[in-house]
Amino acid sequence: MNTIYFDFDKIATNKDFYAQMGEQLQLPEHFGNNLDALHDLLAGYLELPLMFYFNNMSEKKFSDFEELVATLDDAENETQGQFTYDYDAGEEDRTN
């Protein structure tokens with residue numbers, strides 16, 4: 001399984017997420033940088049199986065990116081687990 005890592009210490013906005021994703025997946029410039037485009041990407045463009053792994057995904061950031069997480073949940077269900085995601089909370093949540 002191919003795993004793509006995202007560092008949420010460097011991601012504060014959706015724009016940051018899409019920039020990091022575009023770099024790592026070498027997406028074409030015409031990629032839509034929105035949830036619909038992300039869903040389409042996961043449902044048919046990328047080679048599966050694939051995992052997105054979010055480093056430093058604090059509870060607050062998890063909440064801030066609720067729509068992204070919902071889109072990833074949908075893709076996970078639609079691909080019957082061929083696409084998955086996981087995360088670690090990072091130091092911020094481990095100390096609380």
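- Without hydrogens or angle criteria, S63 side chain to E59 main chain gives no donor-acceptor distance under 3.5 Å.
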Worked check of side-chain contact (heavy atoms from CB on, under 4.5 Å) between L50 and I4: CA-CA 8 Å; L50 174 68; I4 307 296; 3.7 Å; yes
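- Transitive grouping of hydrophobic side chains (ILVMFWY, heavy atoms separated by less than 4.5 Å) brings L35 and F65 into a common cluster.
- One hydrophobic cluster, built from ILVMFWY side chains closer than 4.5 Å, holds both M1 and Y5.
- For the pairing with F8, the ring-ring contact (aromatic ring centres under 6.0 Å, His included) check across F62, F54, Y53 returns one residue only, F54.
- Of the possible donor and acceptor atoms, one in the side chain of Y18 sits under 3.5 Å from a partner among the backbone N and O of N34.
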Derivation and outcome, side-chain contact (heavy atoms from CB on, under 4.5 Å), residues M21 and F31: CA-CA 11 Å; M21 186 177 70; F31 176 75; 3.6 Å; yes
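- Remark: T13 pairs with K15, D16 by the side-chain contact (heavy atoms from CB on, under 4.5 Å) rule, at least two apart or across chains.
- Linking ILVMFWY residues whenever their side-chain heavy atoms come closer than 4.5 Å, directly or via other members, places Y45 and Y85 in the same cluster.
- In this pair, F52 and F83 present their aromatic rings perpendicular. The plane angle is above 60°, beyond the 30 to 60° band.
- Residues M51 and L41 do not share a hydrophobic cluster, clusters being chains of Ile/Leu/Val/Met/Phe/Trp/Tyr side chains in contact below 4.5 Å.
- Neither side chain, N55 nor D9, offers a donor N or O lying under 3.5 Å from an acceptor on the other.
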Worked check of ring pair (Phe, Tyr, Trp, His ring centres under 6.0 Å) between Y87 and F6: CA-CA 9 Å; Y87 66 96; F6 296 88; over 10 Å; no
